[in-house]
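Read the structure below first, then the notes.
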Amino acid sequence: MLRKLLGVAVAATVAISAAPAAYGDTDPVEDVPTVTDAAQAELEDLRQLATEEGITLDEAVARYGWQDDFVAVANRLRDAHPDTYAGAVVAEDGTSGWIAFKGEAPATAAELTAAVPVPVKVVADRGYSEEELRQTLRTTHFGMLEQPGVANSAGEYDIETGVVTVEVEPAEPLTDPEAKERFLARLQPVRAANAAVKVEVKVADKVEMGTEAYIRGGGYLDKTNGATWCTTAFTVKQGSARGVATAAHCGESKLRYLNHGTSSYTTISRKRRHSGGHGDVGWFTTGGYTAARTFYYNRGKTRYVDDTRWAVQGVAISNFGRTTGYKGSPKVHRINVCYGDFCDMVAMDKHYTAGGDSGGPWYRGNTAYGIHSGYVVLGGKKRSTFSEVRYLPQALDISVFER
């Protein structure tokens with residue numbers, strides 16, 4: 001993709017197709033300009049990133065243009081070796097990355113990473129898998145929520161050190177250090193099955209979190225009384241049925257769906273929602289409209305979804321929100337984060353979103369990554385969060401409607 005991006009970057013404008021060909025008798029012809037080429041879509045995100053970070057497009061392509069190739073390799077290895085894959089990270093300076101394994105690295109790892117146009121180190125014998133970290137975090141987080149006297153919990157893990165950290169908020173404020181110690185002592189966190197995984201539970205004065213209703217995703221979602229509310233992320237499918245996904249906390253029984261630039265709407269009905277171990281997700285019927293395989297990535301502009309991928313730590317992922325608009329510079333801080341009722345969430349490096357952004361799409365180019373939820377404070381920093389679309393089959397028995 002990097003070589004193709006360098007070629008596309010020479011062009012002065014991104015080519016737009018006003019009416020791409022329909023995909024079969026039931027697929028609609030889009031009535032708004034749609035980016036159809038993956039390299040063009042990626043380049044547009046990099047232009048936006050360059051503007052936000054105050055760097056040139058060439059610098060953005062050099063630093064971030066290879067990440068799509070890296071994520072593709074990491075996803076392939078994760079799917080092929082789920083029991084030994086121990087995570088992947090993009091270096092902070094954007095010039096390299098690494099992919100780790102619990103024990104011996106598979107023979108294909110060196111071959112696959114060699115095709116990425118920057119140095120990628122293959123790390124063996126980490127001692128734990130990322131799935132073990134994920135399961136330890138989930139067990140600890142939900143176990144804390146079941147403890148008497150616990151108001152809330154939020155947690156993450158560090159794939160480089162194998163440390164799972166969970167912060168617990170007491171139901172009653174504890175100002176006395178000794179009282180905090182007694183509270184912590186009786187929490188009794190579950191020990192990890194793998195001794196290489198370490199669990200740290202801390203007492204927090206407040207586990208700050210929130211949702212950002214009134215949002216967008218692909219199109220806008222309003223309440224039935226016309227009040228601005230949430231948004232759609234991506235269209236989804238379940239067998240022959242089609243629908244539209246958003247955040248679970250946006251899930252009133254009925255909502256109005258509006259395309260950009262119009263006051264016309266159709267009323268859609270909630271099918272199912274999931275607030276728990278696989279995130280904050282829900283889906284609705286399509287009302288009187290036909291589901292398209294596109295999503296709004298900017299105001300009045302759409303793209304096709306060509307693929308879905310797991311998020312990788314350090315990678316830049318774009319977002320569109322009803323309130324804050326199109327953003328290209330957010331970067332993944334942690335994956336499989338837990339807080340409140342949710343686990344399997346992705347937390348970004350900082351807070352990019354606002355009220356009205358819930359349910360919106362997280363994506364890169366034509367690849368769907370997530371559905372916006374809200375924010376959480378981890379490591380003392382407020383961070384935007386989303387649910388991974390790769391967990392939709394487990395959460396709701398649906399999948400993204402791809403081209």
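Distance alone, capped at 3.5 Å, places no donor-acceptor pair between the R134 side chain and the I335 backbone. The backbone N or O of T224 sits less than 3.5 Å from a side-chain atom of R256, completing a donor-acceptor pair. The backbone N or O of G340 sits less than 3.5 Å from a side-chain atom of H141, completing a donor-acceptor pair. Between the side chain of N75 and the backbone N or O of W310, at least one donor-acceptor pair lies under 3.5 Å. In this structure, the side chain of T51 engages the main chain of R47 through a donor-acceptor pair within 3.5 Å. At least one donor-acceptor pair closer than 3.5 Å links the side chain of D357 to the backbone N or O of R322. Judged by distance alone, with hydrogens and angles left aside, the side-chain atoms of H81 form no donor-acceptor pair with the main-chain N or O of D83 at under 3.5 Å. Under the 3.5 Å distance criterion, the side-chain polar atoms of T136 are left unmatched by any main-chain donor or acceptor of A192.
Enclosure of atom CG in D79 by more than 12 non-hydrogen atoms of other residues, nucleotides or ligands within 6.0 angstrom is indicated. Y265 OH: 12 or fewer foreign heavy atoms inside a 6.0 Å radius. Atom NZ of K180 is surrounded by more than 12 heavy atoms from other residues, nucleotides or ligands within 6.0 Å.
Note on residues 84-103: pairs passing side chain to side chain donor-acceptor pair (under 3.5 Å), not counting sequence neighbours, are D93-T95, K102-E132. For residues 307-360, the set of pairs meeting the disulfide (SG to SG under 2.5 Å) definition, not counting sequence neighbours, comprises C338-C343.
Side-chain contact check for N319 and H372: no donor-acceptor pair (N or O, by modelled atom type) lies under 3.5 Å.
Residues meeting the ring-ring contact (aromatic ring centres under 6.0 Å, His included) test with Y339, sequence neighbours left out: F342. Remark: H278 engages H274, Y391 in a ring-ring contact (aromatic ring centres under 6.0 Å, His included) (not counting sequence neighbours). Every residue two or more places apart in sequence or in another chain that forms a ring-ring contact (aromatic ring centres under 6.0 Å, His included) with F386 is listed here: W362.
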| message | Using side chain to side chain contact (heavy atoms under 4.5 Å, CB included), reason through L378 and V337 one step at a time and then give a plain yes or no. | response | CA-CA 9 Å; L378 291 174; V337 166; 3.6 Å; yes
* Asked: Please walk me through it: do T353 and S384 pass side-chain hydrogen bond (donor to acceptor under 3.5 Å, both in side chains)?
  -> CA-CA 6 Å; T353 45; S384 296; 2.7 Å; yes
### Task
Start with the C-alpha gap between Y297 and E44, add the side-chain angles, then the distance that decides, and say whether side-chain hydrogen bond (donor to acceptor under 3.5 Å, both in side chains) holds.
CA-CA 10 Å; Y297 70 94; E44 190 169 3; 2.9 Å; yes
Working note: D344 + R138, criterion salt bridge (Lys or Arg N to Asp or Glu O under 4.0 Å); need CA distance, chi angles, decisive distance, verdict. CA-CA 8 Å; D344 286 347; R138 289 164 61 89; 3.2 Å; yes
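Relative ring orientation between Y326 and Y363 is described as parallel, the plane-to-plane angle staying below 30° on a 0-90° scale split at 30° and 60°.
Here the side chains of Q48 and K327 are not in contact, with every heavy-atom distance at 4.5 Å or above. Side-chain contact between D205 and E169 is absent, with no heavy-atom pair separated by less than 4.5 Å. The side-chain heavy atoms of N152 and L145, taken from C-beta on, include a pair separated by under 4.5 Å. Using a 4.5 Å heavy-atom cutoff, the side chains of I159 and Q313 are in contact. At least one side-chain heavy atom of V90 sits under 4.5 Å from a side-chain heavy atom of Q67.
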Distance-only donor-acceptor pairs under 3.5 Å for side chains of residues 281-288, two or more places apart:
| residue | atom | partner | partner atom | Å |
| --- | --- | --- | --- | --- |
| T285 | OG1 | S269 | N | 3.0 |
| T286 | OG1 | Y289 | O | 3.1 |

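Separation of the Y220 and Y257 ring centroids does not fall under the 6.0 Å cut-off.
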